[in-house]
Protein chains: 2
Amino acid sequence: MIEARHLRVLRAVAATGSFSAAARELGCTQPAVSQQMKALEQSTGTPLLIRTGREMRLTEAGEALVRHAAGILAGLTAAEEEVAALAGLRAGRVRLVSFPSGSSTLVPTALAGLRAAHPGTRVSLVEAEPPRSVEMLRGGDCEIALAFRYPQAAADVDPAAGWDDLVVRPLLRDRLVVMVPHDHRLAGAGTVGIGELAEEPWIAGCPRCRRHLVEVCEAEGFTPRIDFATDDYPAVVGLVGAGLGVAVLPELAVECVRAKGTATLEVKPAVRREVVALTLPDLARVPAVAATLDRLELAARR
Amino acid sequence: MIEARHLRVLRAVAATGSFSAAARELGCTQPAVSQQMKALEQSTGTPLLIRTGREMRLTEAGEALVRHAAGILAGLTAAEEEVAALAGLRAGRVRLVSFPSGSSTLVPTALAGLRAAHPGTRVSLVEAEPPRSVEMLRGGDCEIALAFRYPQAAADVDPAAGWDDLVVRPLLRDRLVVMVPHDHRLAGAGTVGIGELAEEPWIAGCPRCRRHLVEVCEAEGFTPRIDFATDDYPAVVGLVGAGLGVAVLPELAVECVRAKGTATLEVKPAVRREVVALTLPDLARVPAVAATLDRLELAARR
DNA sequence: TGAGTTTACGCTACACGTAACTATC
DNA sequence: GATAGTTACGTGTAGCGTAAACTCA
C-alpha cells in the first residue's frame, strides 16, 4: 500500500534532485527523507531512485509514480480544501424545519445574521410540526428542527417525550396573550383570567395549540366552545377582529401581525410556551449547524 | 493531513453503512475502524459520520470526502499497478467486471489467450451491470468493466451518458435475433419483422433489455405483452422451448446455449447492441490492463 | 438478548531526530 | 576536507487486537 506521505516526499526529491534539499523544503531532517524513500521502494518492490554518485535520478518506475503523485496529491489537497471550507463555514448547507407560522421573526433574523457572517453557508427552510419534524431530523432530511412545547403539558401529548437522545437548545419562552375584539367588554382590562372567558366563543390555532387551550380551560373548570380552528395565525387575528370570538396567541406571533380591530390582554396566571431548536448530537458539532444554532439563540435573545 | 488509508476505511463505511461490515470487508477488527474514523474526524476537524441509533450516515463533509476518495484511491491503485508492471513482475492483477451472462464466450477466450501470453498476470471476474460496474471502476474496485448499450437507446436510459471521462473500447456489435418455439407458425420463416409478433406473449431479459424491447416494439406500433422476465439467458431459452412465448436475444448468447425446441429468426430491420470495455485513462496505460483490453478486442474479432 | 459501537489497555511497530560512519568530489 | 547519504540507536507516538462497558432494537 503506497502512502500519500511518501508520494509527497518523492515529489520533493524529484523536484529538488536531492534528499537534503527535499528535507529542507519539507521541514524535516535528511535521514527522515532517506528512510521514507527506502520504505517506499520496499512497499513498491522496485527501485525508484538511482543514486549515481552525488546526483539523484529517477527510474522509470519513479517517473511513473511522480506522474501519478501529481493527481493524487492534488485530489488530497482538494479534499482537504473542501472539508476545511465546510469546517470553516465558508461552505455548508443547513436544512431547517420549523413549525408553521411559528417564527416569522426568529428565523429571518437568524438567517440574515448567518448570511452576513458566513456568506458561504446556505440555509433552506421547510415547515413541519413535531413529530414529523423530529422524524425528518432522525431520517437525515434536515439538520435542525424548530419546535415548541408547553412546559406544563400532559406527558402523553408533550412532544418532548421523544427528545431524550436529541440536543435541545432552548431559544425563548413566549408568553401567551388573549386577543379579543376591540369592542369587547374586557378590551380595556389589561389582564384577564382564563376563567372570565368561559362563555366566549373561541378561535383556536393548530391542533396541539387547540389541545393545550382545552387543557388550560378545563383546569379552570370549563370547556371552551371552539367555533373556529386554523393553523394560520393572521387568519385567527382576522377572525377575532371581525368579532367572531376570542383567542390565545403567542406574544411573538401577535407582534408581527397588524391586529386591526382587536385588543390584547395579559393572561393572569401567565401561560408560556417554550420554543426550542432540536438537532442530533453529532450534527450539533458540525460547524454550519452549530453556527446556525448560535444565530437562532442570538435572534431569540434580542 | 488526510491519509489514504483513512479514506479507504471511510469509503468502506459509507458503502456498507456500518463499522462492523466495513471491518469485515477490510479484514480488520471493528474497533480499528472506529479508531480510524475518529482519527480522520480529528484530522479534518469536523464530524464526518452521524451515529443515529444503529445506522451510520454521512455529514456533508463526509459526503465530500467520499466523493474525493474515489478519485484519490483510484489514482493510488493505478499508480501501484503501473509500478508493479514496470517492476517487470508481470504480476499484474486485472479485475474484470462484466454484465451478467453477457460474455460466455468473449471473456473466456480473451482470458485464455492472456494467460498463454503472460502467465504472470492474474485476472479476476465479477458480474455487475452499469451503473454499478462504472462505480466500481471509478472507486478502484476493478480495472475493466464490460458493458453493453443499444446505440439507438433514448438518452435518459443510455448508460453511456456517464462515460465521458472513461476510455471506451468498442469490442463488437451483436445482432439481436428472435427466438420462437420450433412449432411456431413462423419457425421456418428465416426472417421476421418485429411487427409480426405483436400478438405474441413475450419473454424478456434483464431490466434494461426489457426496456429496450418495449421501445423497439412501440416504435413498431404495439406494446408487447411480457409474461416472463429474467436475467438468466438459458432460462429464457428454456421458456421459449416450452412454448411459453417468444423472445429477442443477442446472437452471441444464443450460440452457447443448447436451444432445444426453438428456432431462431433474423430480425428484418436489424437491431444491434454494442458491447464495449470501459476503463480509466490512467489504467489504460497500465500494461496488464492494456494487454487485457487487447485480448478482449482480439477475442471479439474472431 | 443480541448486534453494534465505544472505551480501556497492553503490545508492537514505525518514524523521527541525534549522532556516528561512509563515500564522492 | 566538505558535502551528501546511510546506518545505528533511543524515544515518542500511533495503530492494532483483546476484552469489557455501553446502547439501541
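Every value quoted in this text rests on a predicted model; they were computed, and no experiment measured them. In the text below, chain A, chain B and the rest are named by the order of the sequence lines, each starting its count at 1.
Gln42(B) places its CD atom 14 Å from the C1' atom of dG15(D), with the value rounded to the nearest Å. Summarising the geometry, the separation between CG on Leu49(B) and P on dG4(C) is reported as 16 Å, rounded to the nearest angstrom. What separates CE of Met1(B) from P of dA15(C) is a distance of 14 Å, to the nearest Å. What separates CZ of Phe19(B) from C1' of dT23(D) is a distance of 15 Å, to the nearest Å. Atom CD of Gln36(B) is separated from atom P of dT13(D) by 20 Å (rounded to the nearest Å). Straight-line distance from the CG atom of Leu48(B) to the P atom of dT5(C): 16 Å, rounded to whole Å. Here the C1' atom of nucleotide dT5(C) and the CZ atom of Arg24(B) are 13 Å apart, to the nearest Å. In this entry the distance linking CD of Gln30(A) with P of dA23(C) reads 16 Å, nearest Å.
Both Lys38(A) and Ala32(B) lie close to DNA chain D; mapped to their nearest nucleotides by heavy-atom distance, the more 5′-ward contact belongs to Lys38(A). Sequence order on DNA chain C of the closest nucleotides to Gly27(A) and Gln35(B) puts Gln35(B) first from the 5' end.
Taking the six-membered ring where the residue is Trp, Phe148(A) and Phe99(A) present perpendicular rings, their angle passing 60° and hence far from 30°.
The Arg5(B) side chain lies nearest to dG15(D) when the options are dT5(C), dG15(D), dT18(C). Distance from the side chain of Ser34(A) is smallest for dT6(D) among the nucleotides dG5(D), dT6(D), dG17(C).
The pair Glu41(B)-Arg51(B) counts as a salt bridge, with a side-chain nitrogen and a carboxylate oxygen less than 4.0 angstrom apart. Salt bridge annotation for Arg132(A)-Glu129(A): absent, with no cationic side-chain nitrogen under 4.0 angstrom from a carboxylate oxygen.
Between Glu80(A) and Met1(B), the closest side-chain pair of non-hydrogen atoms falls below 4.5 Å. A heavy-atom distance below 4.5 Å is found between the side chains of Leu146(A) and Leu296(A). Looking only at side-chain heavy atoms (C-beta outward), Val13(B) and Gln36(B) stay at 4.5 Å or farther from each other.
The shortest distance between the side-chain N/O atoms of Ser20(B) and the OP1/OP2 oxygens of dT5(C) is below 4.0 Å.
Using five terminal pairs a side, the axes of the helix from dT1(C)-dA25(D) to dC25(C)-dG1(D) at its two ends make an angle of 30°, given in steps of 10 degrees.
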Which atom pairs, one a donor and one an acceptor, fall under 3.5 Å between side chains of residues 284-295 of chain A and the rest of the protein, sequence neighbours left out?
from      : atom 1 : to        : atom 2 : distance (Å)
Arg285(A) : NH1    : Asp282(A) : OD1    : 3.4
Thr292(A) : OG1    : Ala288(A) : O      : 2.7
Asp294(A) : OD1    : Arg169(A) : NH1    : 3.2
Asp294(A) : OD1    : Arg169(A) : NH2    : 3.3

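Considering Arg95(A), Arg138(A), Arg122(A) in turn, Arg95(A) is the only one that fulfils the salt bridge (charged side-chain N to carboxylate O under 4.0 Å, His left out) rule with Glu143(A).
Using modelled atom types, one side-chain atom of Thr59(B) and one backbone atom of Pro47(B) make a donor-acceptor pair closer than 3.5 Å.
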Kindly give the atom pairs (protein nitrogen or oxygen, nucleotide nitrogen or oxygen) under 3.5 Å for nucleotides 20-22 of chain D.
none

